Asks: 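Below is one structure. I have some questions about it.
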Amino acid sequence: MKKLISISMNLKKIEALKSLNSECLVIGIYEDKNLNEITKILNSDSSGLLKKLLTRKELTGALKNQLYLPDMTGFKANKVFLVGLGKKNKELNEDEFSQLSSTISKITISSNAKDVDIFLPEIKVKLKKPSWVYKILSRDLESGCYQYFFEGKKTQPKNKLKKINFLNLAGNESKAKILSSIKMGHVIGAGMNTSKDLANTPANICTPSHLAKQAKLISKTFPSIKTKVLGEKEMKKLGMDCLLSVGNGSAQESKFIIMQYSGGKKTSKPHIIVGKGITFDTGGISIKPSPNMDEMKYDMSGSASVFGTMRAIAEIKPKLNIIGVVASAENMPSSTATKPGDVVNTLSGQTVEILNTDAEGRLVLCDALTYIERFKPASVIDIATLTGACVVALGHQATGLLSNDQNLADNILESGYSSCDKAWQLPLWDEYQSDINSKYADIANIGGRAGTITAACFLSRFTRSYKWAHLDIAGTAYGGRVGKTSSGRPVPLLTEYLLSRKQ
Ligand code: BES
Ligand code: MN
Ligand code: ZN
């Protein structure tokens, strides 16, 4: 396990900032044409520098406005960064704060300092307490520090940041409450980084067996998680033919992984998260075009988010029963690969006509979703980079959400907002179901025009006995503004959802 940065709180008055022997100091400034209580003090401590900068409009305090002062007059700190918080009495919405928080995280990390002190006066967010603000901040700081260690690359990125210290306690909550939120955000950030590490690992290393090994490793580090791994022989015996059909063309053995965290009463039903773990998706015989096919190493991002969430859960230790499941295979073309038109059995007993071998995610998930019926789940969420259509519909901003239970969907939408890791619901109406009728089997694995919805329709045929939601993370798990790199989403959403369960 990688070492986390340390985040602490060591209270100081603003008047004391000038004499702090800090490697790097980040100070939040409100937007104000006149000097306010903060800029007044900073101005006199810097012999009028702040006023000059404000007059010249180099510093405005507008949301996310930033200024770097390598040697701030009158201040002992080596580097000072001023960051705009917007107008003092204007409440921010979650989106605005989320952007501010990642700006603060970026400034802190790009400072190249080992040790950073942060002074932030109160940031008001609509309907949120200060502890929420600190939770998101510390999560973004930990997650922002993430760097992938490229094994085969000579020049390794070096992130120096080791220690962050909050200098003030803004708002009316106790220090203990704030510290526990900081800890919470911190481990969620660490969970995101676990997820990113797995997803960024090239597919020649990150195989289904590699995922199985990582699951056992998580169990070793966190004994509260018990791991079980099924190989192809065991799955064949159970009748998971549909999952197995995806790996038919691959030399890599398919794996089914079950990670059980039992923090609740024996009688309390578990919440289950199920991840798509296609470690590489060539499309199979329905092969994908070459450009950007490298991105298909991210096709196990759903399972990566299960690992990251389980790690965060193991550190937070809620009084809940939670199970993380991963359905993993490699989708390759070969003489033994599944062919378009093949009909396979599923664990549920329903048959599937595989019209397109590139619609493989649903094929591994359906058997996983049937397998978990034995746990009598309180709720089930599957997470999958399932359809390109979802990226067209929602871009890289929101995760697609479809569910057979509106109450569950509402809870997930809410968790998305409050973790700044948003989802947006698409319909799962009956009228879409006929799009996946098949001439030769009970269900076809593709059909219709609404790709994201029909994919969920397919899964819905296997989830009738419990409350279920599907998250399509094809757009949010990687790419977009972050480039070809994993985002760690939707670990924040999943963790938030699970922690808000009563039992
Ligand atoms: N893994 C892909 C979906 C995907 C596409 C994720 C682009 C991220 C970016 C999935 O297995 C797939 O190939 N889906 C097909 C389904 C189609 C054949 C019905 C798709 O979206 O094109
Ligand atoms: Mn595919
Ligand atoms: Zn896929």
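Owing to the predicted nature of the structure, the values given are computational and were not obtained by experimental measurement. Ligands are counted one by one from 1 in listed order, and the atoms in each one are counted from 1 as well.
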Asks: With a cut-off of 4.0 Å, which atoms of ligand 1 are near a heavy atom of Thr385?
Replies: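 Those qualifying, in numeric order: 1 (N), 2 (C), 3 (C), 6 (C).
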Asks: Under a 4.0 angstrom heavy-atom cut-off, which atoms of ligand 1 come close to Glu360?
Replies: 11 (O)
Asks: Mind checking the OG-CG spacing from Ser486 to Leu198? Nearest 0.5 Å is all I need.
Replies: 9.0 Å
Asks: For the Mn ion (ligand 2), give me the closest N/O/S atom belonging to Asp281, just the atom name.
Replies: OD2
Asks: Going by the order shown, which atoms of ligand 1 are within less than 4.0 Å of some heavy atom of Lys276?
Replies: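 That gives atoms 1 (N), 10 (C), 11 (O) of ligand 1.
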Asks: Please report, to 10°, the angle around the Zn ion (ligand 3) from atom OD2 (Asp299) across to atom OE2 (Glu360).
Replies: 100°
Asks: Using the six-membered ring of Phe462, assess whether NZ or CZ of Arg464 lies under 6.0 Å from its centre and within 45 degrees of the ring axis.
Replies: no
Asks: Scan side-chain atoms only and decide if Asp95 and Gln99 contain a donor-acceptor pair under the 3.5 Å cut-off.
Replies: no
Asks: Which residue supplies the protein heavy atom nearest to atom 16 (C) of ligand 1, what is that atom called, and how far is it?
Replies: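 Protein heavy atom with the smallest distance to atom 16 (C) of ligand 1: Arg362 NH2, 3.9 Å.
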Asks: Specify side chain, backbone, both or neither for Met300, according to which of its non-hydrogen atoms lie closer than 4.0 Å to ligand 1.
Replies: neither
Asks: Got an N, O or S from Asp299 under 2.8 Å of the Mn ion (ligand 2)?
Replies: no
Asks: Have a look at Tyr478, Tyr298, Phe280 and point out the one with the heavy atom closest to atom 9 (C) of ligand 1.
Replies: Tyr478
Asks: If we ignore angles and hydrogens, is there a donor and acceptor under 3.5 Å between the side chains of Ser209 and Thr207?
Replies: no
Asks: What do you reckon, are the aromatic ring centroids of Phe97 and Trp132 less than 6.0 Å apart?
Replies: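 Under 6.0 Å, so yes.
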Asks: Any idea which part of Lys288 is under 4.0 Å from ligand 1, heavy-atom wise: side chain, backbone, both or neither?
Replies: side chain
Asks: Would you kindly say whether Ser143 and Lys196 are connected by a side-chain donor-acceptor distance under 3.5 Å?
Replies: yes
Asks: One residue to check: Leu386. Relative to ligand 1, which of side chain, backbone, both or neither has a non-hydrogen atom less than 4.0 Å away?
Replies: backbone
Asks: Any protein heavy atom at under 4.0 Å, with atom 1 (N) of ligand 1 as the reference point?
Replies: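 Yes, there is one.
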Asks: Between the Zn ion (ligand 3) and Asp281, which N, O or S atom of the residue is the nearest one?
Replies: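 Asp281's closest N, O or S atom to the Zn ion (ligand 3) is named OD2.
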Asks: What residue and heavy atom of the protein are closest to atom 7 (C) of ligand 1, and at what distance?
Replies: Met296 CE, 3.8 Å
Asks: Counting only heavy atoms not in Lys128 (residues, nucleotides, ligands), do more than 12 fall under 6.0 Å from its NZ?
Replies: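 Counting neighbours around NZ of Lys128, more than 12 heavy atoms of other residues, nucleotides or ligands fall under 6.0 Å, so yes.
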Asks: Does one side chain, of Tyr146 or Asn200, offer a donor that lies under 3.5 Å from an acceptor on the other?
Replies: yes
Asks: Identify the protein heavy atom lying closest to atom 15 (C) of ligand 1, giving its residue, its atom name and the separation to 0.1 Å.
Replies: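 Answer, as residue, atom name and distance: Asp358 O, 4.0 Å.
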Asks: List ligand 1 atoms under 4.0 Å from Ile446, heavy atoms only on the residue side.
Replies: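 The list of qualifying atoms is 19 (C).
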Asks: Any idea which part of Asn356 is under 4.0 Å from ligand 1, heavy-atom wise: side chain, backbone, both or neither?
Replies: side chain
Asks: Kindly report the OD1-the Mn ion (ligand 2)-OE1 angle for Asp358 and Glu360 respectively, rounded to 10°.
Replies: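 The two atoms form an angle at the metal of about 120°.
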Asks: Looking just at side-chain N and O atoms, do Ser379 and His271 make a donor-acceptor pair shorter than 3.5 Å?
Replies: yes
Asks: Which is it for Phe458 and ligand 1 at heavy atoms under 4.0 Å: side chain, backbone, both or neither?
Replies: neither
Asks: Could you tell me which atoms of ligand 1, counted from 1 in the order shown, lie closer than 4.0 angstrom to a heavy atom of Ala474?
Replies: 6 (C), 8 (C)
Asks: Do Asp435 and Arg449 sit within salt-bridge range, that is, some charged N less than 4.0 Å from a carboxylate O?
Replies: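 Looking at Asp435 and Arg449, the cut-off is not met.
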Asks: Please compare Ala477, Ala455, Ala384, Gly388 and report which has the shortest non-hydrogen distance to atom 20 (C) of ligand 1.
Replies: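 It is Gly388 that holds the nearest heavy atom.
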Asks: Any Lys/Arg nitrogen of Glu253 or Lys255 sitting under 4.0 Å from an Asp/Glu carboxylate oxygen of the other?
Replies: yes
Asks: Take a 6.0 Å sphere around NZ of Lys228 and say whether it holds more than 12 heavy atoms from other residues, nucleotides or ligands.
Replies: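 No - once you tally the heavy atoms of other residues, nucleotides and ligands closer than 6.0 Å, there are 12 at most.
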